[in-house]
Amino acid sequence: MERMQFTTSINAPVATVYDKMIGKETFKQWTSVFNPSSDYEGGDMEGTWQKGAKVLFVGTDKKGKREGMVGYIRENIPNRYISIEYVGILDGENEITEGPVAEDWQGFENYTFEGHNGSTTVTVDIDVNDQMVEYFRNTYPKALKKLREICERN
């Protein structure tokens with residue numbers, strides 16, 4: 001497991017960036033870089049991701065099967081910090097949270113938001129299993145670029 005960090009500067013206020021990062025429709029847009037069908041279930045319909053809420057981060061594979069991550073919101077300080085703990089994976093309708101497969105995906109993904117004169121720095125710290133390091137190294141910057149485009153056009 002490797003802890004990776006990604007940072008971007010967005011020319012938009014912190015509240016806008018925070019809302020767009022976790023808002024239901026805009027979340028699907030920026031995370032489409034990872035999987036065109038990216039979405040989430042839970043965390044309540046407004047996407048507020050209350051502390052303690054269970055959230056399924058879902059998409060479909062090339063065959064149309066549901067897959068994704070099982071997570072819990074461990075902290076959510078609006079406009080400042082979000083911490084997600086991944087406890088396992090979603091395989092079809094099955095949540096796998098024990099055993100070696102689940103352990104490969106357990107870890108944290110944290111979002112930190114810092115405002116600077118009307119712009120925002122977003123820092124993502126994420127635990128990545130060894131086989132996914134190169135994928136995230138290449139893909140996460142593209143996802144943050146997409147988030148920046150979404151935030152700056154509104």
Side-chain angles (χ1 to χ4, degrees), residues 1-59 67-90 95-97 101-154:
M1 190 69 71
E2 183 175 323
R3 168 75 40 122
M4 300 183 78
Q5 186 175 84
F6 304 94
T7 303
T8 191
S9 182
I10 300 174
N11 189 22
V14 171
T16 298
V17 176
Y18 172 89
D19 289 343
K20 301 288 183 191
M21 195 156 193
I22 68 171
K24 185 74 165 156
E25 292 309 310
T26 46
F27 176 87
K28 291 193 280 189
Q29 292 171 28
W30 78 268
T31 60
S32 69
V33 172
F34 299 109
N35 180 323
S37 62
S38 284
D39 199 353
Y40 67 82
E41 299 170 3
D44 80 34
M45 292 308 293
E46 291 78 41
T48 57
W49 294 11
Q50 295 295 321
K51 183 176 180 178
K54 179 179 171 182
V55 180
L56 300 177
F57 296 91
V58 298
E67 62 181 6
M69 303 290 296
V70 179
Y72 287 88
I73 307 304
R74 295 302 184 205
E75 187 62 77
N76 186 339
I77 303 168
N79 304 322
R80 292 194 38 219
Y81 180 76
I82 298 171
S83 180
I84 306 161
E85 180 182 14
Y86 295 112
V87 297
I89 64 166
L90 184 66
E95 295 178 21
I96 301 171
T97 58
V101 172
E103 290 168 9
D104 275 350
W105 294 94
Q106 291 171 346
F108 285 84
E109 183 171 6
N110 301 321
Y111 306 149
T112 304
F113 306 85
E114 297 177 274
H116 311 280
N117 299 320
S119 66
T120 303
T121 299
V122 177
T123 302
V124 178
D125 292 291
I126 183 170
D127 296 324
V128 178
N129 67 39
D130 295 340
Q131 58 266 38
M132 297 298 289
V133 167
E134 279 305 309
Y135 172 79
F136 278 103
R137 185 173 287 130
N138 293 321
T139 309
Y140 224 114
K142 294 174 187 172
L144 289 177
K145 181 177 186 247
K146 180 93 168 170
L147 176 65
R148 183 172 59 243
E149 291 167 0
I150 291 165
C151 293
E152 290 180 352
R153 75 170 176 240
N154 293 316

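Computation of the quantities below employed the complete heavy-atom set of this structure, encompassing side-chain atoms and omitting hydrogens, waters and symmetry-equivalent molecules.
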Rounded to the nearest 0.5 Å, how far apart are [atom1] of [X] and [atom2] of [Y]?
X: Phe27; Y: Asp19; atom1: CZ; atom2: CG; result: 14.5 Å
X: Glu114; Y: Ser119; atom1: CD; atom2: OG; result: 11.0 Å
X: Thr139; Y: Lys146; atom1: OG1; atom2: NZ; result: 14.0 Å
X: Tyr140; Y: Glu109; atom1: OH; atom2: CD; result: 3.5 Å
X: Gln29; Y: Ile150; atom1: CD; atom2: CD1; result: 4.5 Å
X: His116; Y: Thr121; atom1: NE2; atom2: OG1; result: 3.5 Å

For this session: Check Gly88 against Ala102 and note the closest heavy-atom contact, atom names and distance.
Result: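 For Gly88 versus Ala102, the nearest heavy atoms are CA-CB, 4.1 Å.
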Exercise. With Trp105, which residues qualify under ring-ring contact (aromatic ring centres under 6.0 Å, His included), at least two apart?
Worked result: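 Once residues adjacent in sequence are excluded, Trp105 has no partner under the ring-ring contact (aromatic ring centres under 6.0 Å, His included) criterion.
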Would you indicate whether the side-chain heavy atoms of [Y] and [X] approach each other to under 4.5 Å?
X: Gln106; Y: Tyr86; answer: no
X: Arg3; Y: Asn110; answer: yes
X: Ile89; Y: Glu67; answer: no
X: Phe34; Y: Lys142; answer: no

Exercise. Is the shortest distance from a Lys or Arg side-chain nitrogen in Glu25 or Lys28 to a carboxylate oxygen in the other one below 4.0 Å?
Worked result: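 So Glu25 pairs with Lys28 through a salt bridge.
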Exercise. Below 4.0 angstrom, N of the basic side chain to O of the carboxylate: do Glu149 and Arg153 qualify?
Worked result: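 Looking at Glu149 and Arg153, the cut-off is not met.
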Exercise. Applying salt bridge (Lys or Arg N to Asp or Glu O under 4.0 Å), which residue pairs with at least one partner in residues 7-16 are found, sequence neighbours left out?
Worked result: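 Not a single pair qualifies under salt bridge (Lys or Arg N to Asp or Glu O under 4.0 Å).
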For this session: Give every residue pair that meets the salt bridge (Lys or Arg N to Asp or Glu O under 4.0 Å) criterion with at least one member in residues 75-90, sequence neighbours excluded.
Result: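 Listed once each, the pairs are Lys51-Glu75, Arg74-Glu85.
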Tell me which donor-acceptor pairs under 3.5 Å the side chains of residues 5-15 have, and how far apart each pair is, sequence neighbours excluded?
| residue | atom | partner | partner atom | Å |
| --- | --- | --- | --- | --- |
| Gln5 | NE2 | Asp125 | OD1 | 2.7 |
| Thr8 | OG1 | Arg148 | NH1 | 2.6 |

Problem set entry | Check: Glu95 side chain, Leu90 main-chain N or O, donor-acceptor pair, under 3.5 Å |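 Not a single qualifying donor-acceptor pair exists.
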Exercise. Do the side chain of Asp130 and the main chain of Met1 share a donor and acceptor less than 3.5 angstrom apart?
Worked result: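 Here the side-chain-to-backbone pair exists.
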Problem set entry | Residues forming a side-chain contact (heavy atoms from CB on, under 4.5 Å) with Val133, sequence neighbours excluded |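 Val133: side-chain contact (heavy atoms from CB on, under 4.5 Å) contacts with Glu2, Met4, Val128, Arg137.
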For this session: Kindly write out the residues that satisfy side-chain contact (heavy atoms from CB on, under 4.5 Å) with Ile82, not counting sequence neighbours, or none if the list is empty.
Result: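 Ile82: side-chain contact (heavy atoms from CB on, under 4.5 Å) contacts with Tyr18, Ile22, Trp49, Asn76, Ile84, Tyr111, Phe113.
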